[in-house]
Amino acid sequence: MREIITNTWETFLQFKGMGMHLGLYFAAALFLNSLSKTKREKDSSSLLSGYSLVFWGIFFFPVTAKIIIDYCIGDSVYWRMFWILPFPVVIAYAFALSLKQVQVAWKRYALVLCMAAVILVTGTPVYTPEQFRASENRYRIPQVAVEVCQIVNEDAREKNLKVRKVIAVNDLLPYIRQYDGSILMPYGRNGPKEGKFQNKNCKRIYNAINSPEVDFKKLLKFAEKENCNYLVYFSTEEADAALGRLGCEAVGDTGQYRVFALR
């Protein structure tokens with residue numbers, strides 16, 4: 001239970017970030033009812049406030065949090081709960097109610113400017129160099145992943161192999177099948193994220209290749225059971241020597257990764 005509470009709190013802190021938009025949302029939700037004058041406005045405000053209250057109760061309450069994490073979306077993506085939080089609607093509605101109460105034209109324009117300034121000041125910039133980088137190719141995936149796939153495909157053509165099943169380090173896991181869907185892998189990116197593998201042997205492969213000190217002999221044993229015929233690993237002298245002793249053939253290198261054909 002303590003783990004669930006810790007996870008929900010850490011998820012909240014990550015979502016909150018460094019900006020103040022969430023604080024603006026809480027302030028808007030708090031004053032919705034006081035800003036409402038007509039019955040229709042009060043009903044809408046009560047709906048938004050009540051929904052928000054129920055959401056936070058479900059999100060933080062350990063029992064509901066555990067049910068959602070274990071049976072719905074998983075621990076690593078619990079932050080997706082925030083997708084159903086209507087905080088932009090709550091903020092916009094509170095601003096609209098405030099604007100409706102101002103009758104003088106110039107004051108309304110001034111209030112709009114103030115609202116825009118509040119949004120600007122409480123937020124954080126998203127269009128920064130840290131958030132964006134130029135695409136390396138038309139596929140919009142790392143070029144090194146394209147090079148790895150090309151090495152695998154070229155070697156498979158030379159050896160007349162129709163099936164190419166690749167084990168790759170996690171850095172390349174999301175990209176290989178984006179570039180070439182005909183290349184097979186023992187598990188996809190959702191396996192490690194959600195802990196869902198096709199079988200126990202696939203999980204052994206994942207644990208083996210991500211071990212701080214990889215036991216390549218065990219890794220190749222697991223790979224053989226899944227009929228994997230290529231391994232992509234970091235280009236290091238230790239890995240090259242270990243895999244060479246085990247009969248693996250280096251068929252290409254990108255500088256960062258080396259592609260091995262398995263026995």
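None of the values given here were measured: they were computed from a predicted structure.
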### Query
Leu53, Tyr93: one ILVMFWY side-chain cluster at the under-4.5 Å cut-off?
no
### Query
Are more than 12 heavy atoms from other residues, nucleotides or ligands located less than 6.0 Å from atom CZ of Phe15?
yes
### Query
Taking the six-membered ring for Trp, are Tyr257 and Tyr233 ring centroids under 6.0 Å apart?
no
Donor-acceptor pairs under 3.5 Å, side chain of residues 16-35 to any protein atom, not counting sequence neighbours: which ones?
{"from": "His21", "atom 1": "NE2", "to": "Ile119", "atom 2": "O", "distance (Å)": "3.0"}
{"from": "His21", "atom 1": "NE2", "to": "Thr122", "atom 2": "OG1", "distance (Å)": "3.3"}
{"from": "His21", "atom 1": "NE2", "to": "Gly123", "atom 2": "N", "distance (Å)": "3.4"}
{"from": "Tyr25", "atom 1": "OH", "to": "Ser52", "atom 2": "OG", "distance (Å)": "2.8"}
{"from": "Tyr25", "atom 1": "OH", "to": "Trp56", "atom 2": "NE1", "distance (Å)": "3.3"}
{"from": "Ser34", "atom 1": "OG", "to": "Phe31", "atom 2": "O", "distance (Å)": "2.9"}

### Partner residues of Gln143 under the side chain to side chain donor-acceptor pair (under 3.5 Å) criterion, sequence neighbours left out
Asn137
### Message
Could you go through Val89 and Tyr51, starting from their C-alpha distance and side-chain angles, then the distance that decides it, and tell me whether this counts as side-chain contact (heavy atoms from CB on, under 4.5 Å)?
### Response
CA-CA 12 Å; Val89 177; Tyr51 180 90; over 6 Å; no
### Query
Rounded to the nearest 0.5 Å, what separation is found between the CG atom of Asp155 and the CZ atom of Phe260?
12.5 Å
### Message
Assigning hydrophobic clusters by single linkage (Ile, Leu, Val, Met, Phe, Trp, Tyr; side-chain heavy-atom cutoff under 4.5 Å), is Phe61 placed with Leu85?
### Response
no
### Task
Please name the residue in the list Ile183, Val259, Asp253, Asn153 that meets the side-chain contact (heavy atoms from CB on, under 4.5 Å) test with Val148.
Val259
### Query
Between atom CD of Glu249 and atom CG of Leu262, what is the distance when rounded to the nearest 0.5 Å?
10.5 Å
### Task
Dump the intermediate steps for ring pair (Phe, Tyr, Trp, His ring centres under 6.0 Å) on Phe60 and Phe12, then the final yes or no.
CA-CA 9 Å; Phe60 280 114; Phe12 167 74; 5.7 Å; yes
### Message
Ring-plane angle category for Tyr78 and Phe59, please: parallel below 30°, perpendicular beyond 60°, tilted otherwise.
### Response
parallel
### Check against side-chain contact (heavy atoms from CB on, under 4.5 Å), Thr11 and Phe82
CA-CA 10 Å; Thr11 302; Phe82 292 116; 3.9 Å; yes
### Single-linkage hydrophobic cluster Val54~Phe87, side-chain heavy atoms < 4.5 angstrom
yes
#### Entry: Single-linkage hydrophobic cluster Tyr71~Val63, side-chain heavy atoms < 4.5 angstrom
yes
### Task
Before giving the answer on side-chain contact (heavy atoms from CB on, under 4.5 Å), spell out for Val152 and Asp180 the whole-Å C-alpha distance, their side-chain angles and the decisive distance to 0.1 Å.
CA-CA 11 Å; Val152 169; Asp180 189 344; over 6 Å; no
## Note on the structure
Checking Glu224, Lys221, Glu226 against Asn201 for side chain to side chain donor-acceptor pair (under 3.5 Å), the one that qualifies is Glu226
### Query
Taking atom CD of Glu158 as the centre, does the number of heavy atoms from other residues, nucleotides or ligands within less than 6.0 Å exceed 12?
yes
### Evaluation steps, side-chain contact (heavy atoms from CB on, under 4.5 Å), between Val118 and Met115
CA-CA 5 Å; Val118 169; Met115 292 175 181; 5.7 Å; no
### Query
NZ of Lys159: more than 12 outside heavy atoms within 6.0 angstrom?
yes
### Query
Is it the case that more than 12 heavy atoms not belonging to Glu136 sit under 6.0 Å from its CD atom?
yes
